[in-house]
Amino acid sequence: MMTVPMLDLQAQYAAIGDRIESAVVEVLRSGRYILGPRVSALEEACARYCEVPFAVGVSSGTDALLMALMALEIGPGDEVVTTTFSFFATAGAIERVGARPVFVDIEAGTFNIDPAGVRAAITPRTRAIIVVHLFGQCADMGPLLDIAAGHGIAVIEDAAQSIGARRDGRAAGSMGTIGCFSFFPSKNLGAAGDGGLVTTSDPGLAERLRILRDHGAKPRYFHHVVGGNFRLDEIQAAILLVKLEYLDGWIASRQANAARYMELLEPAAAAGRLALPVESPGGRHVWNQFTVRLPDNRALVAVALDDAGIGHAVYYPRCLHQQDCFAGLGGQVGDCPVAERATAEVLSIPVYPELSGGAISAVADTILGAVGLGR
Ligand SMILES: *Cc1c(COP(=O)(O)O)cnc(C)c1O
């Protein structure tokens with residue numbers, strides 16, 4: 001039996017391990033371990049890649065979001081509008097600075113935040129919108145940027161899953177006020193541990209983010225604001241510098257894998273047994289996840305995949321407005337019906353770059369069999 005994991009980081013490492021190891025050994029021998037030349041080089045390379053003037057390497061995607069809100073001086077009494085369908089960190093950051101998350105529903109096709117919902121959620125207390133580019137695809141930025149400009153509020157792009165994604169000719173993380181990226185190992189550009197990045201076109205914000213990263217000090221031991229230890233290690237930066245060279249090739253492989261799934265699973269979509277992911281026109285989807293909807297038969301398909309030794313995951317099984325830790329905000333079942341329905345239907349399947357053609361066929365055949373379209 002062919003087993004197919006959800007993600008195969010060992011396969012990636014086998015291909016480039018020699019280069020990674022020499023880069024790491026170089027750092028170890030250099031004696032410079034924190035905020036040294038490799039972090040600076042990575043920041044320059046990522047700024048170029050993301051088409052922004054400034055990039056600041058940080059400790060994680062979660063800390064990138066927290067720092068973005070801190071840099072914008074968002075706190076108690078402020079509201080931040082965001083999607084209810086994302087990884088927890090998006091909302092956790094808002095609560096952690098003392099502001100109030102205001103959750104909005106998604107578009108059924110792309111799983112990204114619905115601009116109409118954002119427009120309806122704005123109040124005089126709204127200071128920012130955190131837009132998530134979910135699963136590798138940019139949200140509908142045109143109307144979102146218009147809404148923000150009309151109200152004089154900031155746009156934070158949570159591009160943790162979408163480095164390299166584009167929309168209408170612009171790169172993820174270059175469109176809003178601040179872009180936040182994650183180098184968690186499962187992201188398209190993953191470190192060997194935790195890491196993240198913040199991007200901006202505003203020199204003042206870039207400077208504030210650099211200061212916040214190191215306890216708000218400038219120069220060292222003179223503190224303007226209370227920041228944190230949000231620093232990126234030299235070892236992670238060295239690894240990421242090597243891996244950045246391969247990112248576009250990996251994205252191309254993810255796109256080819258996604259295209260193949262689209263073909264193979266089309267009969268199930270045509271029969272109404274499954275809905276394929278929807279690509280927005282005018283974008284570059286980088287396929288961090290390939291997520292289908294299974295309205296009637298997700299549990300059955302999951303069991304069939306388990307039996308076949310094929311990895312799968314539900315991103316995400318519960319909306320943010322329904323999380324216990326946000327019960328105090330008064331979120332109710334039915335507040336965000338499109339996202340609530342998605343939590344019951346979505347299933348993500350392996351789409352990582354090293355996936356073989358045979359593995360893709362095995363995954364597709366297993367799904368087709370489970371929904372009653374087996375050959
Ligand atoms: C992974 C992720 C984060 C958090 O990144 P970490 O580096 O794991 O802290 C934030 N938002 C989204 C949408 C993510 O997928």
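Just so you know, ligand 1 is whichever comes first in the structure, and atom 1 is the first atom listed for that ligand. Note: hydrogens, waters and symmetry copies are ignored here, and every other heavy atom, side chains too, is used.
Judged by distance alone, the side chain of Asp365 and the main-chain N or O of Ala362 form no donor-acceptor pair under 3.5 Å. Side chain of Glu43 to backbone of Gly57: a donor-acceptor contact under 3.5 angstrom is found. For Glu157 (side chain) and Gly173 (main-chain N/O), a donor-acceptor pair under 3.5 Å exists by modelled atom type.
Assignment of Gly196 to the shell around ligand 1 is not supported, since no heavy atom sits closer than 4.0 Å. Residue contacts with ligand 1 include Asp158, since one of its heavy atoms falls under 4.0 Å from the ligand.
Ring orientation note: the planes of Tyr261 and Phe290 are tilted relative to one another, at an angle of 30° to 60°. Relative ring orientation between Phe88 and Phe326 is described as parallel, the plane-to-plane angle staying below 30° on a 0-90° scale split at 30° and 60°.
When non-hydrogen atoms are compared, ligand 1 lies under 4.0 Å from the backbone of Ser60 as well as from its side chain. Heavy atoms from both the backbone and the side chain of Thr62 come within less than 4.0 Å of ligand 1.
Of all the atoms in ligand 1, the ones that sit under 4.0 Å from a non-hydrogen atom of Lys187 are 1 (C), 2 (C), 3 (C), 14 (C), 15 (O). Applying the 4.0 Å criterion to heavy atoms of Ser182 picks out, from ligand 1, the atoms 5 (O), 6 (P), 7 (O), 8 (O). Each of the atoms 2 (C), 3 (C), 10 (C), 11 (N), 12 (C), 14 (C), 15 (O) of ligand 1 lies under 4.0 Å from some heavy atom of Ala160. When each atom of ligand 1 is checked for a heavy atom of Ser86 under 4.0 Å away, the hits are 13 (C).
Dense packing is recorded around CZ of Arg231, with more than 12 heavy atoms of other residues, nucleotides or ligands lying under 6.0 Å away. The local environment of CD in Glu245 is crowded, with over 12 non-hydrogen atoms from other residues, nucleotides or ligands closer than 6.0 Å.
If you check which protein heavy atom lies closest to atom 3 (C) of ligand 1, you get Phe87 CD2, 3.6 Å.
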